[in-house]
Amino acid sequence: MANRFKSDLTWGDVTPETAFLNRRAFMAGATALGAGSIMSPALAASQYSTDEEPNTFEQITSYNNFYEFGTGKTDPAENAHALTTNPWPIEIGGLVEKPGTYEFEDLKKEMTIEERIYRFRCVEAWSMVVPWNGFELADLLDMVGVKPEAKYVYFETLVRPDEMIGQNWNTVPWPYREGLRLDEAMHPLTLVATGIYGKDMPNQNGAPLRLVVPWKYGFKSIKSIVKIELTDKQPETSWNMINAREYGFYSNVNPEVDHPRWSQASERRLGGGLFAKRIPTLMFNGYEEEVASLYEGMDLRKNY
Ligand code: MTE
């Protein structure tokens, strides 16, 4: 299991963004300074973090999918400043012991914020490596108490066309919706991200809180969440509603199952430039060891 120590301290608190080094160099430096003893456990390398080089803050925040702000890759960076995120009430309900409306800032104080460096693979075959900060969804679900009948978790994004300019068009049946099976939601890799690079979440990346499920295609990682509901039926999800043939409920990264219109065998890492070599896509986006057992006995071609 991940670190369960309480701390709000993240990488960004101790190292300015401009002095951002790769994790190994940073950890080596911290040890040399004898900082290990005073360092927050949140700064210790998570067993779930990749040691691949993270993409830059600039790359992660300037090439986005967030249809609430337009369908172009730079639309979110241009338009998402209009979103106001304080206050941010989150409705948690359905099959839980403690349903209610929880204010994001209050809720965050109750959670253990960790840094997790994850690979992130979009269904469109671009990818990046992101140093998220956030907490395990399991901790939040434990806090509200999941009833035994619950089998799925459903999520919804804010609807506020005044601030979300893309919601004035029917590109997606708003609100954007997503869902996970309960065991997927409870998996320690499943993160509720509250920021990147130790900072609060930039609006274009899904402020103030978004899901990150690193072994699934990026569209499962729903942004700017305002509603979480525990259910006993598989919930409707946006991309499945838009095109069920192309986007299944599970959407696990799988290089062996092509999208009907393109190959999923390889990917383009952001920042590599126009002529960068594509890299092979890994089964479950490289998290096979951690998550394959969740799908034992399932035909991954049928249950895509
Ligand atoms: N969440 C909402 N609410 N709206 C969206 O359009 N796009 C999804 C996902 N979450 C999306 C969303 C898709 S397709 C991807 S690839 C990721 O967000 C992109 O996350 P990023 O912009 O932080 O890289």
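Index from 1, following the sequence. Worth saying up front: this structure is predicted, and the values here are computed from it rather than measured. Both counts, for ligands and for their atoms, begin at 1 and track the order of listing.
Backbone and side-chain nitrogen or oxygen atoms of Q204 are examined, and none is located within less than 3.5 angstrom of a nitrogen or oxygen of ligand 1. Not a single N or O atom of Y63, backbone or side chain, sits closer than 3.5 Å to an N or O atom of ligand 1. On a distance-only criterion, W132 and ligand 1 share no N/O pair closer than 3.5 Å.
Below 4.0 Å from some heavy atom of W126 lie the following atoms of ligand 1, by number and element: 16 (S), 24 (O). Counting atoms of ligand 1 from 1 in the listed order, those under 4.0 Å from a heavy atom of C122 are 16 (S). Atoms of ligand 1 lying under 4.0 Å from any heavy atom of Y67, numbered from 1 in the order shown and given with element: 5 (C), 6 (O). Heavy-atom contacts of R210 reach the following atoms of ligand 1: 17 (C), 18 (O), 20 (O), 23 (O) (cutoff under 4.0 Å).
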**Study point:** Audit row: Y247, W239, ring-ring contact (aromatic ring centres under 6.0 Å, His included) steps and yes/no
**Key:** CA-CA 6 Å; Y247 307 105; W239 283 100; 5.3 Å; yes

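Annotation: cation-pi geometry satisfied between R119 and Y287 (NZ/CZ under 6.0 angstrom from ring centroid, within 45° of ring axis). Cation-pi geometry between K109 and F104 is not met at under 6.0 angstrom from the ring centre and within 45 degrees of the axis.
Proximity of a side-chain donor or acceptor of Y217 to a complementary backbone N or O of N254 within less than 3.5 Å is detected. Formation of a donor-acceptor pair under 3.5 Å by the K220 side chain with backbone atoms of G179 is found in this model. E114 places no side-chain N or O within 3.5 Å of a backbone atom of E136 that could act as its donor or acceptor partner.
Side-chain contact, R210 with T157: no donor N or O sits under 3.5 Å from an acceptor N or O.
The closest approach between a heavy atom of F120 and any atom of ligand 1 is below 4.0 Å. In this structure, S221 is part of the shell of residues with a heavy atom less than 4.0 angstrom from ligand 1. Taking 4.0 Å as the cut-off, M128 counts as a neighbour of ligand 1 on heavy-atom distance.
Contacts with ligand 1 closer than 4.0 Å are made by no heavy atom of E124, backbone or side chain.
With atom 8 (C) of ligand 1 as the reference point, the heavy atom nearest to it among F66, Y176, Y247 is part of Y176. Atom 14 (S) of ligand 1 has its nearest heavy-atom neighbour, among I196, N65, L270, T157, in N65.
Residue E124 is tested with K73, R268, R261 for a salt bridge (charged side-chain N to carboxylate O under 4.0 Å, His left out); the sole match is K73.
Between V144 and Y102 the shortest side-chain heavy-atom distance falls below 4.5 Å.
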